[in-house]
Amino acid sequence: MLQVHTAGVFDFDGYLSDRRSRVEGKLTEYLATGEPALLWEAMRYSALSGGKRLRALLTIAASEAVYAGSELQKLAPDLDCVEAVMPLAGAIEMVHAMSLIHDDLPCLDNDDLRRGKPTNHKVYGEAMALLAGDGLLTMATEVLIGASDSRIPRQNLLDVALGLSQAAGPSGMVGGQVKDMQFTGATDSKFDISTVESIHSAKTGALIRFALWSPAKLLGAQQKQSQALWRLGEIIGLAFQITDDLLDVTGDATTLGKTPGKDQATQKATWVRVFGLDGAREKLASMEAEGKELIEKNLLDNLDAPVLHSLLKYSIHREK
Ligand code: GRG
């Protein structure tokens, strides 16, 4: 397994760049061609438009953490576990890209800018943007099931496909988006912290949890590791969204690649709105400590390659 070290020290930037370019390469391959050409162009416009690839990176890092001792390592000792989870990582990024396209539509957040470029509907029109999202959502399952290595046990694949539907669907992202809509514009007295947490947990947390848990399920990791990754997904999912809420207040459009200040303008139910900037920062510090302890206790990182710990910090201390 390729670990990235410079002068004996783990090189996180090198790791990010290596794994990101593998994800980009695979997504380009999965979305290479198809008819009608304009639909595929619109799908590629959003799925291949950069982005941090955080969810795919979490999936890859989790697979590297659990592969040794997994069911799949015993079945196929020569398998490259990063390669084995690429269809899964690609599917997750497709669902994520699809959710951004739909989220930006005039009927939802009505945004003009995403990843530093005009949003999908600004380029292709609302109808095509809607359909490009639909295309990416359905392609995700097609790639996950159609492109996964035949040595992966079918039951594991089935469990992961079920988990992806659940993460995207009414009890995950779709439901979270609906709750978000229902509480947007509500006065402070109409919601409390459990409302905010339940919106975050479904709208943003569900796919991040899935990104960490699913490689463990796919490769047949030990149950203790799967459970620890699920919990780490809860921590990173919430911390990621609280950071997003903070950046909406403190960030600028050029760095973020999207329009800041929208949460306040539309009166969204966010962590910052309930606890203020300092309260959000305190919560992030405690979540970072909890995540670090969880990783250490469950030996999810090698001592010489603290990948998950670095991704946890990155999710919280990022500037975009
Ligand atoms: C998934 C079926 C299905 C429907 C989607 C629109 C919708 C229903 C849900 C909204 C989900 C959403 C947009 C949540 C916000 C999550 C979030 C903070 C996105 C930004 O993620 P980054 O910063 O983006 O990782 P990049 O551009 O880096 O990939």
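Counting convention: from 1, in listed order, for ligands and their atoms alike. One-based numbering along the sequence shown. Keep in mind that what you see is a predicted model, and the values were worked out from it rather than measured. The basis for the numbers below is simple: all heavy atoms, side chains too, and nothing from hydrogens, waters or symmetry mates.
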Residues at least two apart in sequence or cross-chain that pass side chain to side chain donor-acceptor pair (under 3.5 Å) with Tyr45, listed by chain then number, are none
Side-chain donor/acceptor of Ser46 to backbone N/O of Met43, under 3.5 Å =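 Not a single qualifying donor-acceptor pair exists.
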Measure [X] to ligand 1 on non-hydrogen atoms and call it side chain, backbone, both or neither using the 4.0 Å cut-off.
| X | answer |
| --- | --- |
| Met98 | side chain |
| Asp103 | both |
| Gln177 | side chain |
| Arg53 | neither |

Name all residues meeting the side chain to side chain contact (heavy atoms under 4.5 Å, CB included) criterion together with Gln222; count only those two or more places apart in sequence or in a different chain, and write none if there are none.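 In terms of side chain to side chain contact (heavy atoms under 4.5 Å, CB included), with neighbours along the sequence ignored, Gln222 is linked to Gln225.
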Heavy-atom proximity to atom 25 (O) of ligand 1, picking from Lys320, Met181, Arg55, points to Arg55
Looking only at non-hydrogen atoms, the one of Arg115, Lys258, Arg318 nearest atom 29 (O) of ligand 1 is Arg115
Taking distance alone, with N or O pairs closer than 3.5 Å, would you say [X] contacts ligand 1?
| X | value |
| --- | --- |
| Arg114 | no |
| His96 | yes |
| Lys203 | no |

Students often mix this up, so state it plainly: with edges at 30° and 60°, are the rings of Tyr15 and Phe12 parallel, tilted or perpendicular? parallel
Note to self: Tell me the protein heavy atom at minimum distance from atom 16 (C) of ligand 1, and give that distance in Å.
What the structure shows: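 For this ligand atom, the closest protein heavy atom is Thr204 OG1, 3.6 Å.
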- For ligand 1, which atoms, with element, lie under 4.0 Å from some heavy atom of Ala168?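 Ligand 1 atoms under the 4.0 Å threshold to Ala168: 1 (C), 2 (C), 3 (C).
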(message) For Arg55, is there an ion pair with Glu93 - N to carboxylate O distance below 4.0 angstrom?
(response)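 Result for this pair is no, no salt bridge flagged.
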